[in-house]
Structures are given as C-alpha cells and as structure tokens.
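Quick note on labels: first sequence line is chain A, next is B, and so on, each numbered from 1. Just the heavy atoms: all of them, side chains too, but no hydrogens, waters or symmetry mates, feed the values below.
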Amino acid sequence: MLEIRLETRTGSIECGGVRRFGFRRVALLLHVVSAVDGAKGINRIYLMQGAWKVKVKNNWLKPVAAMAAALSVTGLGADELNMRQGVTDISRSVYDLHMLIFWICVVIGVVVFGLIFWSVIHHRKSAGAVPAQFHESTKLEIAWTLVPTLILIAMAWPATKVLVSMYDTGGEDMTVEVRGYQWKWQYKYLDDDFNRTFGFFSTMATPQNEIQNQAAKGEHYLLEVDKPLRIPTNRKVRFLITSEDVIHAWWVPDFGIKRDAIPGMVNELWTIVEEPGVYRGQCTELCGKDHGFMPIVVEAMPEAEYDAWYVEQLEAEEIRKEALSKVFTPEELMAEGEAVYGTFCASCHMPNGKGVPPVFPALDGSAIAIGPLEDHLDIIVNGKQGTAMQAFGRQLDAAQIAAVTHYERHAWSNNVGDETQPRDVIEYMAGQE
Amino acid sequence: MSEVIDASHDHHDHHGPAAGLARWLFTTNHKDIGTLYLWFAFLMLLIGGTMALIIRAELFQPGLQFVAPEFFNQMTTNHGLIMVFGAIMPAFVGLANWLVPMMVGAPDMALPRMNNLSFWILPFAFGMLISTLFMEAGGPNFGWTFYAPLSTTYAPETVTFFIFGVHMMGASSIMGSINIIATILNMRAPGMTLMKMPLFVWTWLITAYLLLAVMPVLAGAVTMMLFDIHFGTSFFNAAGGGDPVMFQHIFWFFGHPEVYIMILPAFGIVSAIIPTFARKPLFGYDSMVYATASIAFLSFIVWAHHMFTVGMPLAGQLFFMYSTMLIAIPTGVKVFNWVATMWQGSMTFETPMLFAIAFVVLFTIGGFSGLMLAITPVDYQYHDTYFVVAHFHYVLVPGALFSIIAAVYYWLPKWCGRMYDEKLGKLHFWLSFIGVNVTFFPQHFSGLAGMPRRIPDYALQFADFNMISSCGAFIFGFSQLLLMYIVIKAIRSGQPATDRVWEGAHGLEWTLPSPAPYHSFTEPPKITDADAHS
Amino acid sequence: MSSGTDHSAYYVPENGWYPVWVALAIFLMLGGGAVWLNDLKAGDEPNITLTLIGLVLLAVVLFAWFAKVIEENQQGLYSPQLNRSFVWGMGWFIFSEVMFFAAFFGALFYARHFVLSWLGGEGDKAITGEYLWPEFEAVWPVVSNPDPSVFTNPGESMASPGVASWGGYLPFWNTVILLTSSVTVHFAHTAIKDQQRTKLLSWLGLTVLLGIAFLILQVEEYIHAYQELGLTLSSGIYGSTFFLLTGFHGFHVTLGTFMLMVMLFRAFKNHFKPEDCFGFESASWYWHFVDVVWLCLFFFVYVF
Ligand code: HEA
Ligand code: HEA
Ligand code: CUA
Ligand SMILES: [Cu+2]
C-alpha cells in the first residue's frame, strides 16, 4: 500500500493509501493534480511505503514527481509495480537480487538502445549519411563476448549464494504437511514420526456472488480462506508439500518461497517468518477449472499465541473424534451435511446439485444418490479412479461423510427418507477391509 | 542431360501452375506451397488471436464476465498451441519454402512431393485440434505445456484427438525440416559455399536440425501420455513407479529448443533486412553463424529452467541456471552485430526496417526478462506469474511475429511483383508497436506484484494493469486486419516492383525478375560477391 | 557424380495427387483411432470403420506413390543429385527415429535412476519414499509397485539371467538373429554391387526370413509375459518401459521387414543397378538402425 503526502507552505495534504480500482482512484487523481496545481509552493512530496520513503527536493522535478505520485496512488501502488520485499531473510535477499539484475539489465539496455537511437538519428540517409563499408572486427567481437561474460559472472555469484542459502535444510522446529487438492489445500500438523496430530482443509471463502459481479468485491477478493494455515513467528517451519490429484504449487510471495505440489512425490520447503501478520498467496500451477480460486492464507502468530492455539486445536480434535460414536438427528445431519457439501462437493456438483454435465454429473436425481446406500457410500469413500471424483474416505471423517451422504439423499428434489449415521459409514469402511 | 530435361518438358506446359483448386491441392511448387503455408499461418494467427482477445476480454475487469473458468482454460491452451504450432512455425516454414531455393540458386525444394504432404497434414491436424472445442467434453484445457496428470488421468476425453493432432504436426515438421536440410545441403548453385549463404538460410538450416532432434521427443512424450490414458501404463504416475515430473523433463527437452525454433529464423530475417536499409554489409557474418550454432547447442542443455520449482537437487538447479545464463552471450553477439551494422550506415525507414528495428529493441527487452527468469532463486518469485507471460510475449510477438511481418513487407514485392502501400505500412507499424507495448509491458508489473498466469479472475490489486493490457490487445489485434488489407491490396493493385526492389538489397533472390518465375533457377546462377550473403 | 551439380537436370515432378490423399488418410486413421480408443475407454460399442478406411486408403495411395517414384526412376528421370536428396532425406529421417527412441530410453533412465531411488527413500528426495511410500523397496526391475492396488505387480520380470544361461534365453537368440540379419543384408548389398542376381535374391530372402523369425519370437515372448509372468502394460513402470521400448522396436522391425520384402520383389524385377540402388540402400540402412536400437535394448532393458 502506497501513501502520499504533499507538504505545501500552508500545510500538508495526505492521500491515504488506496489500491482499489475504479472511480475512487480517478477522483483521487484529480484531487492530487489540483493540489499540485494550486499549491505552487510545494515543499516536499513524500511517497511512502512501509519504511520506504522518497523525498523530492528539486523544484523542477516536483510537478513530474507529483504526477508520478498521483499515478501511483490512483493506479499503480508500489505493491502493484514491483516484487514484494517480504518478511523473511530469504525473501529480502531475493528482492535484492531481483533489483540488482534488474538494474544491470537497465544499464545494458540504455547503452544498447542508446547506440541504436544514436545511429537512427545521425546515420540516416535523409541526414546525408554516407554508408561506411566496415563489416568485421575480431577485437570488437571478442570484447562483446567477454564483457557480457564478466557481467554474467557478477550476477551468478550472488545468485548462487542466495540459492545455496535456500537449500540450508534441516534443523526445523516443526513440520506441516501441505497437500493440494482440486481445489483446496489441506494442512496437517505432524509430530516427530509424521503421525498426524490434527489437520484441516483450507478453501476459498470469497462468495460466488462477488465473483459473478452480483455483490461488491471485498478487500481480499479471491485471496481469503475459511481457515488459514497458522504458524508461529521466529521458528523454523518445514513444509512437506504434496498433492492428492494433479500438480499444484504452493506460493506465499512474502516468504519468497514457491514449490510444486506433485502427486505421489514430496517436496520440502523451509521458512522462518519474522513479523506476525496475514500473508496471502495463490496456487501457481494450472490445476484445472478452479485453479484461479485456490488461495493460500498464512497467519504468522507470535509464539505464545500460537502455542495456545495449538493446544486448543488438539483438544478440539478429541471432541471431533467423539462425534464418531454419536447419533445425530436428521436436522443436525442436514445442517452439517450442507456445510460439508458446500466446502467439498459444490465446486464440481454445484450448490444446486445440478453439476456441470457431462463432466461433473448432477446429484439431483442421480441414480446413485437416491439408490442403495452402499453404492452411494462407495463412490464417496473410494471415489472413481480416472475421474475427478476423489476418494473422500481419505479426506473426511465418518461423521462428515455420514452428514454429506444424508444431505445428498435429501437435498434438492432428492428424498430417500432414510438416515445415514457415522456408525453406518464406519461399518461400511470396516466391511471393505 | 538434355534427354532428361526434354522428357520432363513434354509433360510440363511450360512450367506454369495448374488451374483452379487443383493447383493448390496437388502442387509441388515451392512458391505455391510457401504461399499456402503463409496464408494458413495467417488464418491461425487470427483464430489464435481471437482466443487471446477472449482471454483479454475476460481479464479486462475482476470478476467473471464472459466465459466460464473451464472455457477460459481451453482458450489459454488453444491460444498457446495454435500460435506456436499453427501460426509462428508454419509462417517460418512458408518463408523458407519461398526463399531458400531462391537464395541458394535452386530450381525448387529438394523433395517437392513431400513438401506438399508436409503442408497438407497441417489443416487436418488443426482441424482435429480445433474440432475438439465443439465436442461435448470440451477441448484441451491443460495449458500448451500439458503437464501430466492434468493432461492424462484428469483430462477430458478429447485429449486423444489432441495427442494425435500433435503427432500429425510433428510429422509435418519433421518432413519439412528434412526437405529444408536436403535443399540447403544438396541444391546450392555452384560457388554458393556454406559461408556465402545468406543468414536466413543458415538460421533455417540450424533450426531444421533443432526440429529433427526435438519433434520426435515430443512425439514420444504424447505417446507415453496416450499409453498412460488408454493402456494402463504408469510413466507419469508415482503409484506405479513413474513420476509426473518426468513428463516435464521430456516435454521441456522438446519445449526449450522449440522456443529457439521460433526465434532463429527471425534472426535470419532481421540479418537480411537491416543491412539492406542501412546500405552497409552485415557486420560480423562469421560470428553470427557461430552464435546461432552456439544458441542451438545450448538450447539442449537448459530445459529445466522451466522447472525450477519442481524441487530439483541443488546441483541441478545451479547447472541449469548457469547454462541458461550463457545463452545471453551468443544472443548478445547477435544484437551487437546488428547495432554495428546500423552504425554509420545510411539508413532509411521503410516498413520492413521499422519492424526490424523494433524487433531488435523489443526482443532484447524480452531477452532481459528471460535472463532475470534464469536466476533460479528469483525465478521462484517470477515462475508461473504474468512476468513470465510478459517475457515470452516480448520474444514471441514483437520478436517472432514482428520478424515475420517484416519479412512479408520485405519480400512481398518479389513474390507478387507489386509494391505495398508504404503509408499504410507505416500506419500498421505504429499501431502494432504501440499496441504490443501497451498489451505486454504492464504484464511485467502484474507479474511482479504476484498475479499468477492461467487464471480467469484475479485479486483487486491487479485490476489497473489488466485493464490497460486488454486495451492494448484489442488495438494490436485489430491492426493485424490492416496487414491483411495491405497485403491483398498490394497483390491486386500495387505499383509494379523493380527486380531489386530495395536500393541496398543483396542476394540471389533479387537477381530474379519480380514476380519471381514459377521455377526459380532453371539455370544455375553465377555467384558474384555482390550476391553473396546480404 | 560430376553431373550431380548440373541443376538443369533436377527433376521437379508435376503436380501430384498423392500427398493430399495421404494427409486425408492419416487424418481418417488417427481421427478414427481416437474415436475408437475413447469408445473403448468409455465401454461403448467400439467402432473401427474410420480407422480401417484410413488405413486402406493410406496403403493404396502410398502404393501408388511409390510405384510412381520407382517408375520415374526406371525412366531415368532421376539425376545423381536427386538421388542425393533422397539419401539426405532418408538419413535424417532415421536420425529423427533415433530421437524418438531416445525419448523412451530417457524415460527408462530417469525412472530407473532417479524416481526409483526417491520412491524407495534414498537420494535427494528421500523424503518422498519415507513419507509416502514407506513399504516400497527400490529394486529394479520393479516387481512390487508403490501402490499395488492401482498397478498390479508383475510376477516376474524379463531381466536376463547370468551370461552362462543365455543359451535358453530368448532375447539372446533374438539378438543373434538380428545381428546376423544385418550381415546378410550387407551381403545382399555387395551382391548388387557385383551384379550377382542369385546371390542378391538369396541373401535378401534370408534377411527377410530372419526378420520374420525375430518377430515370431517376439510375439512368443509377449505371450509368455502376459500369460505366464503376469507382466503387462499395466504392471507398473517396468512393464511400461519394457513394452513401449520393445513394442516400438518390434513395430519398426515389422516396417523394416516389409521394406525388405518390397526390395526383394524389386530385385526379382531387376530394378537395381550397381550405381543406382537407393531404394535398396535406404531399406538396408533402416535395417541397420533397427538392429542398433535392438542392441541398446538388449543391454539396457534386458541385461543391465
Ligand atoms: C522465441 C521464444 C523465446 C526466446 C528467444 C526466449 C529466450 C530466453 N528465455 Fe524464455 N520463454 C519462452 C520463449 C522464449 N524465451 C516461452 C514461450 C516461455 C514460457 C513457456 C511456458 O511456461 O508456457 C519462456 C520461459 C522462460 C523461462 C521459465 C520461466 C518460468 O516459467 O519460471 C526462463 C527461465 O530461465 C526463460 C529464460 C530465457 C532466456 C535466458 C532467454 C535468452 O535466450 C535471452 C537472451 C537474450 C538477451 C539476454 C538479450 C540480448 C543480449 C544482450 C544485449 C547481451 C548483454 C546482456 C547481458 C549480459 C545480460 N524463458
Ligand atoms: C507464439 C506466439 C504467440 C502470439 C503471437 C501470442 C499473441 C497474443 N497473446 Fe499469447 N500466449 C502464447 C503465445 C503467443 N501469444 C503462449 C505460448 C501462451 C501460454 C499458453 C498457456 O499458458 O498454456 C500465451 C498466453 C497468453 C496469455 C496468458 C493467458 C493465461 O495465462 O491465462 C495472454 C493474456 O493476456 C495472452 C495474450 C496474447 C495477446 C493479446 C496476443 C496478441 O498478440 C494477439 C493479437 C490478436 C490477433 C492477431 C487477432 C486478430 C483477430 C481479430 C481482430 C479478429 C478477426 C477475426 C476473424 C477474421 C475470425 N497470451
Ligand atoms: Cu491448484 Cu492451481
Ligand atoms: Cu526455455
């Protein structure tokens, strides 16, 4: 977020950071332009972003800077222009490296393009230029082979250093499994022997009506989830990244790390976050229909707060396990079932159960959904090999499966009239082994 | 000898083309086939471009407006495939067909019937590919890089048509390159030594080798996909001991040389145009040849720079980073040689020259972003964002595509014997130049700010640049209709062109009359120094 | 060869109808093939008509095309220079075939040397094996897949026993057969050069027979693999690489044998002259290429 402050003789005008697009920006642009225009005696213009501050002194530069500032505020905040510096050691060294190679390229570009424009202007026929006839020079060829080589070495050196530091593996304080699914993330907090302690799914929380332009878009449009991943600050966290179906990629720009989630394979990734905060990223490998809709949100918490939260989650996990032996009322099943359906099934079978035929079948009126319970459970628990229908037996617990099955049998125009309880699911799954 | 020639003369009604549709269907003439390729490529440019415009329309604003995400993915995929395999590559092959025999002093291509086959496979292949968009399950939606398992286990059933389509394109390219190699190595006029060949011929010779080496590998990759999909093999499935990443290695072993296949002939074109309009011989001919060969060689050992995020061992990452960076050196040699050619020339700025200069500048910008992408630790941030999209459009659109357009303006008078309208040509240039930069420059920013590629909708902070980019795309896209108008107008009613056409032009093709006769050199020409490489 | 540089003699054929029809035939064959495969997969009634039409059309047109080329050659329309174009063409075509096999060999090496150890919990990505596939053991040939519920384990592999027992090892005999056939085809070539018709016919005939023998044994081996060893296309990465490599090789042997048969037929008709026998030569190069591929196969698929 970029902020701008204009100091004039009479006082200062502040334009708060804005990055929403649309009329507000245009209005702001006009506002700033008129401020510059009216206040001939601008003393200082500050462009501020976090700790980054630019002061413009030169008088003749002021109008230019003001226009640039206006543009940046109205349209092009710095976080929309350049890479983020981020909040880890790695991300900052990556940023520095990025700026270094960027400026090297700019300098080379200025030289090369300068030469071209020079000859375009001075060696044009209409300016009376007579063509020289030289056409080779071994010395020159050697020079422009060697000099770029040296420049490249100058780039490769710091690049190697940063890369090696990224491979400084091991010594982690905790491990989280990150598993990509079409189209959500699952996080599991692992103990030392990789035995799962608890885990949860993280799905996009932006409602459909915002996406369909029927409601105003919220601040974190498409970058918000129901349950963020939580990690402590200042501890070395290891991520084990894998996938259940196709390849996804897990990326949090502020941490400076990105790694593919590959089915059947595991990638490792480390980070130490220094500042508490909420950090947002997205899946960055094409993974099918909703690739654009599987954001990543990580909340870095102060250590003590995190520890408290972790204990709480462990307890909640115990309570959830108890649910497996409970018997629910049909209303409870429907309510829980609708929630599970919304999170896990609706992206393919659609909230109204109509699916997207022929790829994703309708469940409303589906022979399986209103047929024998066995078959219905079978496809939910085991999925169907070779299709997008996943084996939800590995994602959901018996209580959730029971609820969603019950829901599907009674939602929309379906009305089987039975009841599916967690123990039915447990029995079914036991019978399979 | 005269017997032989007479025997064939009996059948030929004086080397003229056949009449009507049969001329185009059955032709064995390098010029006719070149023309077919070029028009086909232009049609594909319009189709692929229309898809790009659908993409840009959807991305004009945040939110879903015109198309559903499934369809958006199909557009992205088919746009990439059609542009790469349907527009750029066939256009270059078309140019090779027209120009290589004229430049080396040959009567025709070495294997004329196979030449016809190479072309006619293409409409069928693309017919097959595009028809999938109208099938129930929808067209390919897994990106032009079709990573497994999205393109295998999770693909729509039409992927089978896609696979066979790719096989057909591959067969066409392989036959086309064999033909070009045989022509260049076997059909040169006496005295046309290798180091006297125009650079366009050189770059195509090397490109043809690249094609021969990598198209079969692509065929292997899609064949493995076919078997994984239909016959239960497990190349790309860890459950059976395979690995999805293996697909990427095989694909990019093809894919990286492929991108140079799309730029080397462009280098050749620019190396012909700049000396002509600078009225000065090409600077550093020999080093240009060696640089091209080095780029081709290096292109085989850099492929994994597309895969820095798949989790390779450190040593692998470093190797691919260094080798990729090395490509900047021979490419730099080329750029510097072009600049030195312009230096102290006597330049004029006809449309081909404008496109050629724009090529040098904008391609270099694309090269710079390529170099930034090569730096592994930073590529973690750039990878699969719009920064990559900006990079490759800079090398492909004002790179490959501009060079093709420049070539069309440059040689059109030779082809049809008539001049194009210079004023309109300049207008076309400026519209294209502005349009292309407005479209793709802002994508650097959205990419750096973190916008992933291949998404139909985006977070709000990316809104402004996307809007600008979409506006540019429409300007650029519609100005290409102007190109079509200019070309047709020139063919039908342009001013007659002289034989040499351009004051500073050198090379055998300019010694032929305009329009060039149906069979280029029935008598082998004498190679004078003035006609050696331009 | 001096007339080779004489350009006026370069024969540029008239318009020809063959290529378009070949393109159409390929389209029908492959398009029909895709329909057919998709039907099979979906469990629908498979329909193979289009594919067959395409195949027949392709055969007919190619026959006519080659017949025309042979006829033109017999008429003496082809200059040495044009023949050199054919030589370049065939040579680089074989190069592209080499690259096609390189893709499969590459896959074999990658799967064997990298993926296998990762899945088995060793090397740079050891964590993959440790975390996801703790049961899996990295041995090649893979007879026990990471997830045997998806890819059935082969009972046994085709790997070679010790050299001592090669006497009863079918792939070894196949190697012998192919190597021999490369020699016989070479003798046939010398026979052309020496203008010895009977020798040519017998050596070439023998080569064809050896090719057929190889194919029969190969089919035998596949039957053995499928019926007795349980080694199939879907028995994991070993079966995948084994069958694709040997299968595509077998397919090329079939093509090569067919080409040699055509040459045999042409030899009967006295088409070859010592200074002009490009058709024969290209078939024999192809045959040598197929032979070299087999040697690689024998060592990398069977022995090591
Ligand atoms: C014509 C096509 C073309 C060309 C010529 C290039 C040229 C280069 N490309 Fe590009 N590239 C693509 C097409 C092309 N690329 C495509 C299509 C993709 C995306 C594929 C996909 O994922 O869909 C891609 C992606 C891509 C990536 C992967 C990014 C990612 O996905 O994360 C990388 C990474 O290294 C890369 C690097 C390079 C480099 C180093 C060059 C170099 O060749 C550039 C060299 C040129 C210069 C450097 C400029 C001139 C030189 C000088 C003036 C000399 C002095 C300069 C210095 C010393 C710096 N490219
Ligand atoms: C090879 C060359 C090539 C060319 C020339 C282009 C040209 C263009 N590309 Fe392309 N693009 C790729 C290759 C190319 N692209 C590749 C390989 C990808 C990656 C795909 C993937 O991710 O898998 C890609 C992806 C890609 C994306 C990212 C999509 C995504 O990630 O979701 C975008 C978005 O802006 C884009 C835009 C454009 C635009 C605006 C043009 C413009 O230059 C187009 C100009 C338009 C025209 C020329 C059309 C003219 C037509 C009319 C005016 C209508 C008339 C109609 C009729 C007569 C029928 N391209
Ligand atoms: Cu998950 Cu993209
Ligand atoms: Cu590349």
Minimum heavy-atom separation for A:Pro131 to B:Ala278, with atom names? CB-O, 4.1 Å

Of all the heavy-atom pairs spanning A:Ala132 and B:Lys280, show the shortest one and how long it is. O-CG, 3.1 Å

Heavy-atom distances under 4.5 Å only: say whether B:Tyr380 touches chain A with side chain, backbone, both or neither. both

The interface call for B:Tyr322 against chain A, heavy-atom contacts under 4.5 Å, is side chain

Can you list the steps and then say if B:Tyr147 with A:Leu286 is a side chain to side chain contact (heavy atoms under 4.5 Å, CB included)? CA-CA 9 Å; B:Tyr147 284 4; A:Leu286 179 60; over 6 Å; no

Tell me, with the steps shown, if B:Val245 and A:Met265 meet side chain to side chain contact (heavy atoms under 4.5 Å, CB included). CA-CA 9 Å; B:Val245 174; A:Met265 295 279 161; 5.6 Å; no

May I ask you to name which of B:Asp243, B:Thr385, B:Thr376, B:Val335 has the most heavy-atom pairs under 4.5 Å with chain A? B:Asp243

Which residues pass the side-chain contact (heavy atoms from CB on, under 4.5 Å) test with B:Pro330, not counting sequence neighbours? B:Ala291, B:Ser294, B:Ile295, B:Leu298

Rounded distance [0.5 Å steps], OG1 in A:Thr145 versus CD1 in B:Ile329: 7.5 Å

Give a yes or no answer on whether the side chain of B:Gln344 reaches the backbone of A:His123 with a donor-acceptor pair at less than 3.5 Å. no

Let's test your reading of the structure: which of A:Ala127, A:Pro148, A:Pro263 forms the most heavy-atom pairs below 4.5 Å with chain B? A:Pro263

Trace of the side chain to side chain contact (heavy atoms under 4.5 Å, CB included) decision for B:Leu282 with A:His135: CA-CA 6 Å; B:Leu282 181 68; A:His135 58 85; over 6 Å; no

Toward chain A, the part of B:Ala239 with a non-hydrogen atom under 4.5 Å: neither

Shortest non-hydrogen contact between B:Pro377 and A:Val94, atoms and distance: O-CG2, 3.8 Å

According to salt bridge (Lys or Arg N to Asp or Glu O under 4.0 Å), does anything in residues 125-154 of chain A pair up with another residue at least two apart or in another chain? List the pairs. A:Lys125-B:Glu503

B:Asn73, part contacting chain A, at a heavy-atom distance under 4.5 Å: side chain

Against chain A, work out which of B:Ile365, B:Val339, B:Leu314, B:Asp379 has the most heavy-atom pairs shorter than 4.5 Å and name it. B:Leu314

Closest heavy-atom contact between B:Arg279 and A:Gln133? O-NE2, 3.8 Å

Given that the side chain runs from C-beta out, which part of B:Met307 has a heavy atom under 4.5 Å from chain A: side chain, backbone, both or neither? neither

Ring-plane angle category for B:Phe368 and A:Phe113, please: parallel below 30°, perpendicular beyond 60°, tilted otherwise. tilted

Cation-pi geometry met for A:Lys289 and B:Phe72 (6.0 Å, 45°): no

For the side chain of A:Asn267 and the backbone of B:Val310, is there at least one donor-acceptor N/O pair under 3.5 Å apart? yes

Closest approach of A:Asn213 and B:Gly63, non-hydrogen atoms and distance? OD1-CA, 3.5 Å

